[in-house]
Amino acid sequence: MMGHQAEKLEELVASNSQKKSKKTRFVAITSGKGGVGKSTISSNLAYVLSQSGLNVGIFDADIGLANLDVMFNVKIKKNILHVLKGEASVSDILIPITRNLILIPGESGDEILKYADAALFKRFMEEAQVLDKLDVMIIDTGAGIGEHIQMFLNAADDVIVVTVPDPAAITDAYATIKTVAILRNDIGLIMNQVKNEKEAEAVFDKIRKVALANIGDKLDLQLIGKINSDVKVSSSIKRRALFSVSYPNSQPHVDITAIASKIASRLERNMLVSPNESGLTGLFKRLMGHF
């Protein structure tokens, strides 16, 4: 069944490959457990990237908690599932956060694929082209290593695991890295809530050592950056504000800016591709491609 749907999708994709769009880089932010600051990092990272002049989309795939609306202090009425069911258009669900940043209220991968009907996808893909100018799409996945989360990790160009220097969180982060390593060798790590660079590197080195010993030396685990522990972060969350907006001179903002620069440096600028490779259409094509 899925093979047939993927085939249909390929036909739709092929019929829409004449126009040219920006090449979107898909960055999945995930974690082994909840409460490590994954959505805080995703939202601030998306904002900082957008402030550098990039067109950024942030796809909320963390459905159980769905706290990106809280982070951005916006109300979500409908999500991607309403579009796939034909109850809303893509434009109806998009929430502009800033001029260059759009929040896309998502759904879990398994829910999305329940509606993998060729006719619906055709309409969806036509509508989704409103997002084909995106440079980057941040995918805020759920915590853990469920099958529907793995779908997004498989579809992404970059997978970044967020953890904190706490034994339980580190164990969960390692378990996530081990699972992701079955799908890909290159995995990034962000150390959140650390005292300083030294602590971030020390914890990262421990994780990397264990991972290389157990997963193998093909694993390319990289420290993408760290975020210092700072009361300004929790104070921003309580006020439903981004710390990068509230405290632009804080160390966490300096840290997230350094992470954003690393991600921006990976973009293939000025590269034009078919609209089916970019934005929301590109993400769905990748999700469907794994069947």
Side-chain angles (χ1 to χ4, degrees), residues 27-52 56 58-76 95 97-98 101 103-106 138-144 149 159-176 188-204 206-207 223-263:
V27 181
I29 312 281
T30 193
S31 63
K33 68 191 283 278
V36 297
K38 172 180 60 63
S39 294
T40 303
I41 286 173
S42 295
S43 51
N44 281 275
L45 177 60
Y47 172 77
V48 170
L49 283 165
S50 75
Q51 291 303 290
S52 70
V56 183
I58 180 162
F59 186 88
D60 193 354
D62 188 358
I63 307 313
L65 298 169
N67 41 9
L68 283 184
D69 53 338
V70 176
M71 300 287 171
F72 291 117
N73 198 16
V74 293
K75 282 193 170 67
I76 290 175
I95 300 171
I97 305 297
T98 66
L101 175 59
L103 170 61
I104 308 152
I138 302 290
I139 305 165
D140 185 28
T141 78
I149 291 166
V159 171
I160 298 172
V161 180
V162 176
T163 191
V164 295
D166 156 82
I170 289 167
T171 303
D172 288 330
Y174 169 68
T176 303
L189 193 71
I190 291 177
M191 292 298 314
N192 194 21
Q193 296 170 22
V194 293
K195 294 191 199 96
N196 48 38
E197 187 85 45
K198 195 177 172 185
E199 184 184 36
E201 284 175 358
V203 176
F204 170 74
K206 277 183 193 168
I207 295 172
L223 182 62
I224 303 295
K226 56 88 180 172
I227 310 280
N228 272 19
S229 184
D230 194 317
V231 69
K232 293 186 183 82
V233 175
S234 48
S235 139
S236 297
I237 294 166
K238 280 175 193 158
R239 289 186 291 107
R240 294 187 162 214
L242 301 177
F243 66 75
S244 284
V245 177
S246 303
Y247 302 103
N249 299 316
S250 65
Q251 187 58 45
H253 176 69
V254 171
D255 293 338
I256 200 85
T257 303
I259 292 167
S261 297
K262 256 189 191 175
I263 289 167

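Keep in mind that this is a model prediction, so the values were computed, not measured. Any value given below was found using the heavy atoms of this structure, including those in side chains, with hydrogens, waters and symmetry copies removed. For this chain, numbers begin at 1 and follow the sequence in order.
- Taking every heavy atom of both residues into account, A173 and V161 meet most closely at CB-CG1, 4.2 Å.
- Contacts classified as salt bridge (charged side-chain N to carboxylate O under 4.0 Å, His left out) and involving residues 194-203 (residues at least two apart or in different chains) are given here: K195-E199.
- A heavy-atom distance below 4.5 Å is not found between the side chains of K75 and D69.
- In this structure, Q193 and D166 have side chains that are not in contact, with every pair of non-hydrogen atoms separated by 4.5 Å or more.
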Let me see the working for I227 and I259 under side chain to side chain contact (heavy atoms under 4.5 Å, CB included), right down to the final yes or no.
CA-CA 9 Å; I227 310 280; I259 292 167; 3.8 Å; yes
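- Residue pairs meeting the salt bridge (charged side-chain N to carboxylate O under 4.0 Å, His left out) criterion with at least one partner in residues 249-263, sequence neighbours excluded, are K226-D255.
- Between atom OH of residue Y174 and atom CD1 of residue I207 there is a gap of 11.0 Å, rounded to the nearest 0.5 Å.
- Closest approach of I138 and A46 over heavy atoms only: CG1-CB, 4.2 Å.
- For the pair V27/I29, a side-chain contact is recorded, criterion being any heavy-atom separation below 4.5 Å from C-beta on.
- The nearest pair of heavy atoms linking K33 to A169 is CD-CA, 3.6 Å.
- Side-chain atoms of S43 never come within 3.5 Å of backbone atoms of L68 as a donor-acceptor pair (strictly under, hydrogens ignored).
- Side-chain contact between T163 and V203: absent, with no pair of heavy atoms (C-beta onward) separated by less than 4.5 Å.
- Closest of all the heavy-atom pairs between F243 and N44 is N-OD1, 3.2 Å.
- Proximity of N192 to V36: side-chain heavy atoms (C-beta onward) are nowhere separated by under 4.5 Å.
- Of the inter-residue distances, the one linking M191 atom CE with S229 atom OG reads 11.5 Å to the nearest 0.5 angstrom.
- The shortest heavy-atom contact between A28 and T141 is CB-CG2, 4.3 Å.
- To the nearest 0.5 Å, atom CD1 of residue I160 and atom CG of residue L45 are 7.0 Å apart.
- For N228 (side chain) and D230 (main-chain N/O), no donor-acceptor pair under 3.5 Å exists by modelled atom type.
- Applying the side-chain contact (heavy atoms from CB on, under 4.5 Å) rule to I95 yields the partners V74, I76, I97, L103, P105; only residues at least two apart in sequence or on another chain are considered.
- Proximity of a side-chain donor or acceptor of S52 to a complementary backbone N or O of L49 within less than 3.5 Å is detected.
- A distance of 11.5 Å separates CG of D60 from CD1 of I139, quoted to the nearest 0.5 Å.
- Judged by distance alone, the side chain of S42 and the main-chain N or O of S39 form no donor-acceptor pair under 3.5 Å.
- Side-chain atoms of L242 and F72, non-hydrogen and from C-beta on, do get closer than 4.5 Å to each other.
- Contact between Y247 and R239 at its shortest, heavy atoms only, is OH-NH2, 3.3 Å.
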